[in-house]
Asks: 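Let me give you the structure first, and then I'll get to my questions.
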Amino acid sequence: MEKGFVDLHTHILPGVDDGARNLEETIRMLRIAYQEGIRTVIATPHFVAGAKNVPVDRLRLLCDQVQQEAQKIDPNMRILLGNEIYYSESVLEALQLGTALSLAGSRYVLIEFYPKETFKNIFQGLGGLVRAGYLPILAHMERYQCLYKKEDSVIELINLGCYLQMNSNSLIGSILDTEAKYHRKLVAQGLIHFLGSDCHDDKERIPSMLKAKLQLQKKCEEDLLNRIFYEHPFKVLENTYI
Ligand SMILES: [Fe+2]
């Protein structure tokens with residue numbers, strides 16, 4: 001099978017969150033993803049404990065429907081299911097009950113926090129998940145103020161047993177774009193395990209991967225890029241440790 005990118009952070013299911021508004025938009029996003037070289041998409045609709053979340057049965061139905069559309073583009077394209085889980089204390093229970101979903105049935109869970117959350121709370125929240133046997137992936141790690149230019153804290157999370165996902169778009173920018181430059185530095189240092197598009201639509205927040213890879217190629221070893229773009233996401237799909 002053709003080796004393609006895995007996009008493990010997407011809002012591509014139609015009409016369930018602030019992502020694709022309908023199936024037509026989903027299909028346009030799938031076409032963009034295909035052109036970007038993405039062959040496996042994990043749909044990660046938002047899950048917020050206590051909020052009115054779309055039931056898992058419905059998500060599975062939609063995922064199957066999107067899978068059928070993807071196969072019309074390429075028979076090898078796969079659409080899998082997960083959630084982007086907004087952290088709260090009841091997240092563990094929701095995961096155990098199956099109302100919140102891990103990534104593609106693995107032990108890996110995509111977790112987000114309020115961007116101004118304290119490091120202590122992020123550390124404690126993710127630590128609880130690790131102790132319960134999950135492998136938490138911190139979604140768009142570049143968004144948290146407590147981690148910005150704090151590599152020691154980033155390393156503390158990694159040592160805790162967490163993985164870090166960065167949005168591919170956060171890497172795009174000229175040398176004058178100090179944030180993008182800093183994000184590229186974090187990747188080059190080997191502190192980022194996954195890139196995801198966090199796509200929401202077919203115009204502004206698209207399922208992109210190629211531009212990020214091109215920018216990183218100038219700065220990163222081939223081995224490192226292989227791990228980020230292929231090895232690590234495949235470990236998620238195989239439910240094995242990184
Ligand atoms: Fe997201």
Side-chain angles (χ1 to χ4, degrees), residues 1-2 4-49 51-86 99-106 108-112 115 137 139-143 165-173 180 194-215 229 233 236-237:
M1 196 174 91
E2 193 182 350
F5 297 129
V6 177
D7 190 354
L8 50 65
H9 184 167
T10 71
H11 301 274
I12 202 163
L13 293 189
V16 294
D17 60 4
D18 57 344
R21 285 159 296 181
N22 49 50
L23 189 62
E24 288 67 38
E25 187 166 31
T26 296
I27 294 167
R28 291 194 296 272
M29 290 166 78
L30 285 173
R31 290 197 185 118
I32 297 170
Y34 182 76
Q35 280 164 4
E36 288 285 319
I38 296 164
R39 295 293 178 270
T40 307
V41 174
I42 307 185
T44 54
H46 291 288
F47 174 91
V48 183
K52 228 177 156 240
N53 296 292
V54 176
V56 169
D57 288 356
R58 170 96 185 122
L59 295 181
R60 289 201 195 285
L61 267 172
L62 286 168
C63 191
D64 289 347
Q65 199 180 1
V66 175
Q67 171 69 70
Q68 283 171 28
E69 295 299 331
Q71 266 166 341
K72 292 180 195 165
I73 299 169
D74 182 325
N76 288 323
M77 211 168 172
R78 282 190 297 173
I79 314 298
L80 304 166
L81 190 57
N83 273 132
E84 180 182 14
I85 301 169
Y86 190 88
T99 52
L101 297 172
S102 66
L103 295 179
S106 70
Y108 290 87
V109 285
L110 185 65
I111 306 288
E112 70 167 334
I137 302 174
H140 35 60
M141 62 75 66
E142 70 277 22
R143 207 176 274 182
Q165 179 257 317
M166 185 178 271
N167 285 358
S168 49
N169 269 342
S170 301
L171 294 159
I172 313 300
F194 301 99
L195 294 183
S197 73
D198 196 7
C199 59
H200 279 69
D201 57 45
D202 63 335
K203 299 273 185 309
E204 302 287 328
R205 300 177 76 184
I206 62 166
S208 71
M209 211 58 92
L210 286 176
K211 265 193 193 163
K213 194 171 183 198
L214 273 176
Q215 283 225 283
F229 283 98
V236 173
L237 302 180

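The analysis underlying the following values was restricted to heavy atoms, covering all of them including side chains, and did not include hydrogens, waters or symmetry mates.
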Asks: Find the distance between CZ (F194) and CD1 (I137) and round it off to the nearest 0.5 Å.
Replies: 4.0 Å
Asks: Roughly how far apart are I42 CD1 and Y108 OH, rounded to 0.5 Å?
Replies: 11.0 Å
Asks: Identify whether NZ of Lys or CZ of Arg in R39 sits under 6.0 Å from the centre of the six-membered ring of F5 and within 45° of that ring's axis.
Replies: no
Asks: Could you please spell out the steps behind the side chain to side chain contact (heavy atoms under 4.5 Å, CB included) verdict for N22 and E25?
Replies: CA-CA 5 Å; N22 49 50; E25 187 166 31; 3.6 Å; yes
Asks: Residues two or more places apart in sequence or in another chain: which of them pass side-chain contact (heavy atoms from CB on, under 4.5 Å) with E36?
Replies: I32, I38, S208, M209, L210
Asks: Could you give the distance from CG (L237) to OG (S106), rounded to the nearest 0.5 Å?
Replies: 8.0 Å
Asks: So among I79, L80, L13, L81, which one has a side-chain contact (heavy atoms from CB on, under 4.5 Å) with V41?
Replies: I79
Asks: How far apart are the closest heavy atoms of A180 and I172, and which atoms are they?
Replies: CB-O, 3.7 Å
Asks: Is the backbone N or O of N169 less than 3.5 Å from a side-chain atom of N167, with the two atoms forming a donor-acceptor pair by type?
Replies: no
Asks: Applying side-chain contact (heavy atoms from CB on, under 4.5 Å) between L59 and each of N53, D64, V54, report the one that passes.
Replies: V54
Asks: How far apart are the closest heavy atoms of G82 and P45, and which atoms are they?
Replies: O-CD, 3.4 Å
Asks: Atom CZ of R60 and atom CG of L62: how far apart are they, to the nearest 0.5 Å?
Replies: 12.0 Å
Asks: Applying the side chain to side chain donor-acceptor pair (under 3.5 Å) criterion to D202, which one of R21, R28, R31 satisfies it?
Replies: R28
Asks: Tell me if a side-chain donor or acceptor on Q215 pairs with a main-chain N or O of G173 at a distance below 3.5 Å.
Replies: yes
Asks: I'd like to know if the side chain of D7 and the backbone of S197 have a donor-acceptor N/O pair within less than 3.5 Å.
Replies: yes
Asks: Sorted by first residue and then second, give each ring-ring contact (aromatic ring centres under 6.0 Å, His included) pair with at least one member in residues 7-29; sequence neighbours left out.
Replies: H9-H11, H9-H140, H11-H46, H11-H200
Asks: Rounded at 0.5 Å granularity, tell me how far SG in C63 sits from CD in Q68.
Replies: 11.0 Å
Asks: Of the non-hydrogen atoms in Q71 and M77, which two are nearest, and what is the gap between them?
Replies: CG-O, 4.3 Å
Asks: Out of curiosity, M29 CE to T10 OG1, how far, rounded to the nearest 0.5 Å?
Replies: 7.0 Å
Asks: Check whether T26 reaches the backbone of I12 with its side chain - one donor and one acceptor, N or O, closer than 3.5 Å.
Replies: yes
Asks: Where do I85 and L101 come nearest, in terms of heavy atoms and distance?
Replies: CD1-O, 3.7 Å
Asks: Is D198 salt-bridged to R143, cutoff N-O under 4.0 Å?
Replies: yes
Asks: Grab the two heavy atoms, one from S170 and one from E142, that are nearest each other, plus how far apart they are.
Replies: OG-OE2, 2.6 Å
Asks: Which heavy atom of T44 sits nearest a heavy atom of N83, and at what distance?
Replies: CB-C, 3.8 Å
Asks: May I have the step-by-step check of side chain to side chain contact (heavy atoms under 4.5 Å, CB included) for S102 and V109, ending in yes or no?
Replies: CA-CA 5 Å; S102 66; V109 285; 3.6 Å; yes
